[in-house]
Every structure is written in C-alpha cells, then in structure tokens.
Amino acid sequence: MLCRYFQQGSCRFGDQCRYAHDGAPGKGAPPPPPGDDRPLCTYFLAGNCHFGESCRFSHGTGEGCWPYGKKGGKKGKKGYSPGHFWKGPKGQGSGKGKGDLDDWQVGKGPGPDHGAGGNRERALTGPYLGKGSELLKVWSMPEDMGHEDGVLAATVMADRVCTGGADHRLIVWRGEQPPEGGLAFVQDNEVELPAPVTNLLFHAASKWLFCGLGSGQIRAFRQEPFAELTLVGHTAAVTCLLIHEDVLMSTSLDGTLRAWKLDPNTAAFSCVATVPIELGEVFAIRSYDTGFWVGARRGIGCLGPQDLQPLGKIDYAAARVVALLPYQGRMLVAFADGVVKVYGSAGNEEFSHGPLGEHTTTTAAALLRHPHAGKDVLLCGQELGYVTAYEVPEFKPRGTFTTGYEGDVTAIVDMGADGIFATFGLTGDVVLWRWERNG
C-alpha cells in the first residue's frame with residue numbers, strides 16, 4: 001500500500017516505513033493504468049482523502065464505484081441469514097448527565113502545537129491512557145470475526161449493537177460475559193446488502209432500523225410488525241440519518257438533504273422534500289433551536305424548522321464537518337482538521353480549540369459521561385487509530401489512547417452503562433473500553 005504521508009512529503013519514518021514510497025514525495029499518488037477497475041478510496045468515503053484527483057483509488061459516486069476491491073462477506077455461515085435478524089429480549093437505553101456550561105471560556109482555545117523547533121511531530125495530547133491507566137481495554141474483536149473490510153457505521157439497537165461495513169454487511173451483535181470474565185460481543189445475525197453500509201440509525205419509538213448505503217439508497221427494517229423497505233433518491237453515499245417528529249431526514253455526498261414520510265396507507269416512505277446544500281457534500285445533520293444544522297464540506301448551513309429554507313451559513317473552508325454535537329444550548333462542531341468550535345444558537349462562534357499536539361485530524365466524535373469523575377468527555381477519533389479525550393466544557397485534555405489498529409476511527413458509540421463505550425475503525429476493528437474508578 002502506498003504511503004499517503006510520503007506523497008504529501010511529510011512521512012517521518014523514511015526507509016523504515018511499512019508502506020511503499022513510490023514516486024516523488026509531495027506529488028500525489030500515481031494514477032492507475034488506463035482501464036484499471038479501481039476500488040473506491042476508503043479515505044474519500046470517510047471524507048478525508050488528501051490526494052484529490054491524483055488519488056490512485058476511485059472517487060466515484062455511483063453504485064458500481066462503491067465496492068472496496070472484491071466484496072467480502074461470510075456467505076453461508078451457519079446460523080446467519082439475510083432477512084429477519086432481531087432476536088432476544090428488548091433492552092432499555094439509558095441517558096447520560098451533562099455538565100455546566102457556566103464555566104465556558106469565551107474566546108480562542110490552544111492553537112497548533114508544532115513541537116520544539118517548529119517540527120510537526122506527534123506529541124500526545126494529555127497523558128497516555130495505556131495499560132494501568134483509568135481506561136481499560138475490555139475486549140477487541142478477533143481477526144476471524146466481524147467485517148472483512150472497514151466498519152463505516154455503528155449504532156445501538158435496544159440491547160444489541162449494529163455495525164455496517166464496506167463489505168456490504170450489516171451485522172448485529174449482542175453483549176456476552178465469557179467464562180473467563182469481562183465482556184465481549186457475540187455475532188447475533190447479519191444481512192448482506194447491495195452496497196457498503198455508510199450510516200445507521202435505530203429509532204426506538206417506531207422500531208425502524210435505517211441503513212444508509214454507499215449507493216445512495218436507504219434500506220429500512222422494522223421489527224414489529226416486520227417490514228422491509230427501500231428508499232431511493234440520493235445519488236451518492238448516505239452520510240447521516242435523523243428522525244425529527246415523524247420525518248426521516250437524510251444527508252448525502254450528493255450535496256442534498258432529503259425529508260421522508262411514511263405513508264400509513266401504502267406502508268412506504270416517500271420523499272417530501274429535497275434541499276440542495278450550497279456548501280458541498282453533506283456529512284451531518286442535527287435539530288437545533290433555530291431549525292436544522294447541516295455540516296458540509298465547506299462549513300455549516302442552517303435551515304428553517306418547517307420549510308427547510310436556508311436561514312444562514314457559517315463558512316469554514318479548511319476542513320469538512322465531522323460531527324455536530326448539541327451540548328447545553330450550544331452546538332459543538334468537530335472538523336476534520338482537529339479543530340472543535342462551539343457556536344450559539346444564532347451561529348455566533350463562542351469558542352475554538354485546536355489542533356493540539358497529535359490531535360491534528362478528527363474522523364469521528366462523540367460525547368459521553370465519565371461515571372467516576374463526574375465529567376462530560378468529548379472523544380475525538382483520529383487517523384491511525386488514535387483517540388483523544390477532553391473534559392468539557394473546560395476542554396482540558398484528559399488523555400490520548402490508541403485502538404491498536406492503524407485504520408482511521410470511524411465511529412464511537414456510548415454503550416449507556418458502566419462507563420463502557422466502543423470504537424470502530426477502517427481496518428474492521430471493534431474495541432470495547434471502560435472507564436475505571438482509579439487510574
């Protein structure tokens with residue numbers, strides 16, 4: 001595999017690098033031979049390919065462009081079959097407490113840390129949360145389990161966890177305590193889908209599980225009574241799904257937001273609105289006081305709560321939006337360049353943090369509660385399997401840890417109990433973590 005850092009002229013491993021250093025540094029990846037059927041660029045799908053048109057992998061958006069090389073999948077594995085995959089008792093979710101934003105420091109946070117002499121080498125952000133620290137790695141998925149390509153999406157579904165992969169598979173997991181103790185995921189069922197699963201949403205009230213696909217389709221499954229539907233409209237990968245009242249909202253790399261409603265007479269979803277977003281490809285959507293906020297390639301747009309008409313925008317050309325996280329009346333926005341900004345409901349910037357230390361990229365972000373410290377924690381997943389934790393609202397680095405895998409972190413899911421959360425990555429990795437009482 002070609003070293004993308006060498007192609008940018010920034011690889012610091014030299015001859016010791018495990019990846020290929022073909023071509024001249026800083027010139028972009030060499031193009032494929034004419035007529036080469038290229039696999040889709042994993043980093044383009046995650047929204048952070050640095051090579052642009054020079055990338056040797058495909059940046060196409062059609063259904064035929066989404067497979068990552070040869071499609072994986074464990075066909076014919078005993079006990080698993082497409083179709084009805086909800087099994088076992090229903091679970092109950094749990095909420096998490098929030099901190100107090102009265103201590104929010106208005107203004108600018110720390111800027112880039114270039115290290116001694118201005119060299120941009122990695123310096124951990126906060127203490128290293130390794131073995132013996134307050135963060136315990138409870139379980140990591142064995143190589144013979146799970147997805148045969150990157151995990152692109154994950155969500156909690158009652159007492160199960162669902163993951164969607166670049167291998168076109170939706171896998172349902174249940175938690176189990178092994179005989180030797182601890183906690184592990186056990187595969188409960190799987191469904192093979194026609195394209196990579198790029199986003200997942202489970203709506204507990206209606207019992208619908210929505211699967212956004214790389215082809216632009218949305219597959220919907222309902223447990224009781226059983227139903228399976230296909231929503232067709234987007235022309236590129238579905239990046240985010242949201243239920244607001246009785247409307248499903250979806251965003252896509254095609255630069256649009258779509259609104260869907262379920263017709264009780266036909267038992268089918270119909271698209272009731274399509275809104276083009278002028279800021280480019282859309283990666284996130286959240287309901288907020290003033291309407292809907294959409295995070296895009298070149299900033300943030302705000303849409304009216306009823307008519308979805310544009311109300312305003314916040315330009316940010318440096319990097320795409322990774323996540324929109326409502327927090328105590330504000331909106332935390334994580335950008336792909338490691339910057340996190342805080343905005344008021346009127347779109348006014350109240351705080352800006354980073355990039356700091358090794359935290360110069362963000363590929364996934366989540367807010368959760370540290371049960372023993374009584375603190376809200378922002379987890380920022382990054383390239384190469386790094387994750388940095390910040391206490392909020394102070395934005396004090398609580399520490400950095402690594403998943404142990406070299407793929408980008410694509411999702412972080414709060415399991416809702418006992419300080420347990422899970423990380424997922426582009427190498428197909430799934431890791432369970434738990435905050436401990438004492439470091």
Side-chain angles (χ1 to χ4, degrees), residues 47-48 96-114 120 123-127 240 279 282-303 311-370 373-383 386-400 409 412 414:
N48 57 8
K96 53 179 179 288
K98 293 295 182 184
D100 187 355
L101 278 174
D102 292 341
D103 297 329
W104 202 282
Q105 299 298 313
V106 177
K108 301 294 182 181
D113 180 4
H114 298 297
R120 298 188 63 184
L124 289 180
T125 305
C240 193
L279 295 169
V282 188
F283 297 90
I285 180 172
R286 284 285 188 171
S287 174
Y288 198 30
D289 293 343
T290 52
F292 295 99
W293 285 40
V294 290
R297 172 68 65 183
R298 299 187 300 275
I300 306 160
C302 182
L303 306 177
L311 299 178
K313 65 176 181 176
I314 302 170
D315 292 311
Y316 189 82
R320 75 172 181 93
V321 173
V322 172
L324 300 171
L325 304 169
Y327 184 77
Q328 290 294 286
R330 277 85 163 179
M331 185 71 76
L332 275 65
V333 183
F335 294 93
D337 58 357
V339 170
V340 179
K341 292 181 179 289
V342 181
Y343 296 95
S345 59
N348 53 304
E349 181 180 321
E350 297 185 2
F351 183 83
S352 181
H353 178 278
L356 179 65
E358 90 346 296
H359 183 195
T360 58
T361 64
T362 297
T363 56
L367 280 167
L368 51 83
R369 185 77 173 172
H370 192 306
K375 286 285 187 178
D376 295 320
V377 177
L378 172 66
L379 293 178
C380 294
Q382 301 156 50
E383 294 179 347
Y386 281 86
V387 182
T388 295
Y390 296 96
E391 295 178 2
V392 290
E394 301 87 352
F395 264 89
K396 174 185 176 183
R398 194 167 186 96
T400 295
V409 177
I412 303 171
D414 184 2

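Every value quoted in this text rests on a predicted model; they were computed, and no experiment measured them.
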Before giving the answer on side-chain hydrogen bond (donor to acceptor under 3.5 Å, both in side chains), spell out for Q382 and T388 the whole-Å C-alpha distance, their side-chain angles and the decisive distance to 0.1 Å.
CA-CA 8 Å; Q382 301 156 50; T388 295; 2.8 Å; yes
Would you check, one step at a time, whether the test side chain to side chain contact (heavy atoms under 4.5 Å, CB included) holds for K313 with I300?
CA-CA 6 Å; K313 65 176 181 176; I300 306 160; over 6 Å; no
Closest heavy-atom contact between [X] and [Y]?
| X | Y | result |
| --- | --- | --- |
| A364 | I412 | O-CD1, 4.3 Å |
| A373 | R398 | CB-NH2, 3.4 Å |
| S352 | V339 | OG-CG1, 4.0 Å |

Hey, mind stepping through L311 and L303 against side chain to side chain contact (heavy atoms under 4.5 Å, CB included) and telling me if it holds?
CA-CA 5 Å; L311 299 178; L303 306 177; 5.9 Å; no
Would the distance check show the side chain of [X] and the main-chain N or O of [Y] forming a donor-acceptor pair, the cut-off being under 3.5 Å?
| X | Y | value |
| --- | --- | --- |
| T361 | E383 | yes |
| E349 | G347 | no |
| T363 | G381 | yes |
| Y316 | R297 | no |
| E358 | T125 | yes |

Mind checking whether Y390 and H359 have parallel, tilted or perpendicular rings, split at 30° and 60°?
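Ring orientation of Y390 relative to H359: tilted.
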Please walk me through it: do V340 and F395 pass side chain to side chain contact (heavy atoms under 4.5 Å, CB included)?
CA-CA 10 Å; V340 179; F395 264 89; 3.6 Å; yes
The salt bridge (Lys or Arg N to Asp or Glu O under 4.0 Å) partners of K375 (sequence neighbours excluded) come to E394
Sorted by chain and number, sequence neighbours left out, side-chain contact (heavy atoms from CB on, under 4.5 Å) with L325 holds for R286, A323, L332, A365, L367, L378
Can you tell if the side chain of [X] reaches within under 4.5 Å of the side chain of [Y], non-hydrogen atoms only?
| X | Y | value |
| --- | --- | --- |
| Y288 | S345 | yes |
| L379 | L368 | yes |
| P355 | D337 | no |
| I285 | W293 | no |
| D315 | R298 | no |
| K341 | F335 | yes |
| C380 | V387 | no |

Go through the steps to decide whether T400 and Y386 satisfy the test side chain to side chain contact (heavy atoms under 4.5 Å, CB included), and finish with yes or no.
CA-CA 7 Å; T400 295; Y386 281 86; 3.8 Å; yes
Is the distance between the ring centroids of Y343 and F351 less than 6.0 Å?
no
